Amino acid sequence: MTAQIIDGKNFAARIRGRVADHVARLRDERGVTPGLAVVLVGDDPASQVYVRSKGKMTKECGMESFEYRLPETTSEAELLALIAKLNADGAVHGILVQLPLPAQIDAELVINSIDPSKDVDGFHVSNVGRLATGQRSMVPCTPLGCLLMLREHCGSLSGLNAVVLGRSNIVGKPMAQLLLSESCTVTIAHSRTRDLQDVARRADILVAAVGRPEMVTGDYLKAGATVIDVGINRVERDGKNRLVGDCHFESCASVAGAITPVPGGVGPMTIACLLANTVTAYCRAHDLPEPEGLTA
Ligand SMILES: Nc1nc2c(c(=O)[nH]1)N[C@@H](CN(C=O)c1ccc(C(=O)N[C@@H](CCC(=O)O)C(=O)O)cc1)CN2
């Protein structure tokens with residue numbers, strides 16, 4: 001079998017188009033513009049690239065972009081003071097603090113200081129609890145992107161066996177909650193799971209988010225499974241730097257029914273869903289109808 005490629009780059013462009021349409025309607029009908037504030041602390045090269053893309057795409061969708069670049073030596077108190085200012089700013093409807101943060105800053109404390117209604121990353125403990133209990137919440141961008149791709153590719157997910165490899169707060173746990181709310185039968189597997197291949201081979205949907213380059217090979221898969229590869233791993237091959245997923249693409253594509261590539265799969269959906277979450281946050285804050293098809 002040769003798997004169908006789920007093109008995240010193309011899908012993300014369509015999501016951004018829908019966000020832009022909604023933003024244009026808000027501007028034309030109400031004269032308002034949603035705003036997203038992104039805070040970067042330090043000089044992590046990958047984070048700098050992601051933050052630049054977030055600002056550029058926010059503006060391309062017609063929204064207001066506020067960028068804060070703070071030095072590596074920024075103290076926790078300084079960052080908390082900036083967040084308090086953004087929480088109180090009526091022009092800011094979404095706040096995102098780029099991760100990872102430097103070691104002197106407690107990321108959990110910082111995330112939980114963001115107003116939950118502006119927490120477009122969906123990492124605040126209140127949003128995490130709301131998602132887990134089936135209440136309306138802000139949903140983390142990467143799992144939301146995976147869910148939107150799965151819905152488009154599979155249609156109804158009800159009754160399917162879903163295996164999530166990885167238990168991080170950012171991807172694995174919220175992904176499992178989202179699949180559960182779609183009525184999947186969900187297993188969360190991780191580095192200590194016994195007979196991991198056997199567990200994975202039961203999956204109709206496999207989401208790989210373990211952060212280990214090409215760990216999942218074709219023999220982890222049921223024939224025809226839908227594979228969502230969340231991994232973004234930089235490796236050196238033949239003297240060149242390459243980006244690979246958590247799945248070994250060629251062997252998985254020969255068994256799966258459909259698979260996301262790396263790059264060009266889940267990654268682009270993360271930023272598209274951040275923009276979608278910003279519009280959603282605006283609409284919720286102003287009791288307006290939410291954009292269709294851009295929420296969980
Ligand atoms: N506050 C947050 N921090 C981080 C998040 C997050 O969701 N919120 N996620 C990641 C980084 N990230 C966005 O911030 C992100 C990662 C990857 C991509 C992407 O488009 N990847 C491309 C490849 C790009 C490359 O060459 O490096 C792809 O997969 O095709 C976008 C956003 C950690 N921090």
Side-chain angles (χ1 to χ4, degrees), residues 5-13 15-16 36-58 60 65 67-70 79 82-83 86 94-102 105 107-114 118-124 127-128 131 138-149 166 168-175 178 207-209 211 213-214 227-236 240-247 249 259-278 281:
I5 307 297
I6 303 176
D7 184 346
K9 205 170 160 190
N10 180 282
F11 195 9
I15 298 277
R16 293 198 304 275
L36 171 64
V38 174
V39 182
L40 172 64
V41 186
D43 333 296
D44 180 77
S47 293
Q48 286 181 339
V49 173
Y50 299 141
V51 166
R52 203 173 310 125
S53 298
K54 286 174 184 182
K56 182 170 170 274
M57 292 182 185
T58 302
E60 281 170 2
S65 166
E67 243 176 76
Y68 296 84
R69 289 168 183 269
L70 308 181
L79 182 54
L82 172 59
I83 291 172
L86 297 173
I95 302 171
L96 176 141
V97 177
Q98 187 66 29
L99 300 176
L101 283 168
I105 298 177
E108 224 167 67
L109 184 73
V110 168
I111 287 164
N112 288 330
S113 73
I114 297 172
K118 296 188 179 187
D119 169 35
V120 281
D121 251 335
F123 295 161
H124 189 289
N127 280 315
V128 174
L131 178 64
M138 297 309 301
V139 175
C141 306
T142 301
L144 177 58
C146 297
L147 177 70
L148 296 181
M149 286 195 287
S168 71
N169 290 337
I170 291 179
V171 182
K173 287 178 195 161
M175 188 74 243
L178 289 172
V207 180
E214 299 178 324
V227 178
I228 305 291
D229 189 351
V230 180
I232 297 179
N233 308 290
R234 285 164 217 284
V235 296
E236 207 190 294
K240 286 185 188 152
N241 288 323
R242 284 191 56 208
L243 213 57
V244 298
D246 290 347
C247 298
F249 187 78
I259 185 167
T260 58
V262 177
V266 173
M269 289 297 287
T270 296
I271 298 183
C273 288
L274 168 67
L275 306 176
N277 276 351
T278 303

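Counting starts at 1 for both ligands and their atoms, in listed order. Quick caveat: nothing in here was measured; it's all calculated off a predicted structure.
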For Val139, does its backbone N or O pair with a side-chain atom of Asn277 as donor and acceptor, under 3.5 Å?
yes
Non-neighbouring partners of Ser47 that pass side-chain contact (heavy atoms from CB on, under 4.5 Å), sequence neighbours left out
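Counting only residues at least two positions away or on another chain, Ser47 forms a side-chain contact (heavy atoms from CB on, under 4.5 Å) with Leu40, Asp44, Gln98, Pro100.
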Across all chains, not counting sequence neighbours, the side-chain contact (heavy atoms from CB on, under 4.5 Å) partners of Ala107 are Leu99, Leu101
Run the side-chain contact (heavy atoms from CB on, under 4.5 Å) check on Val262 and Phe249 step by step: do they pass?
CA-CA 8 Å; Val262 177; Phe249 187 78; over 6 Å; no
With sequence neighbours left out, write down each residue that passes side chain to side chain donor-acceptor pair (under 3.5 Å) with Glu108, or none if nothing qualifies.
none
Are the side chains of Leu131 and Leu178 in contact, using a 4.5 Å heavy-atom criterion?
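When only atoms from C-beta onward are counted, Leu131 and Leu178 do touch, with a gap below 4.5 Å.
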Sorted by chain and residue number, the residues having a heavy atom closer than 4.0 Å to an atom of ligand 1 are Tyr50, Lys54, Leu96, Val97, Gln98, Leu99, Asp121, Phe123, Ile232, Arg234, Leu243, Pro263, Gly264, Gly267, Pro268, Thr270, Ile271
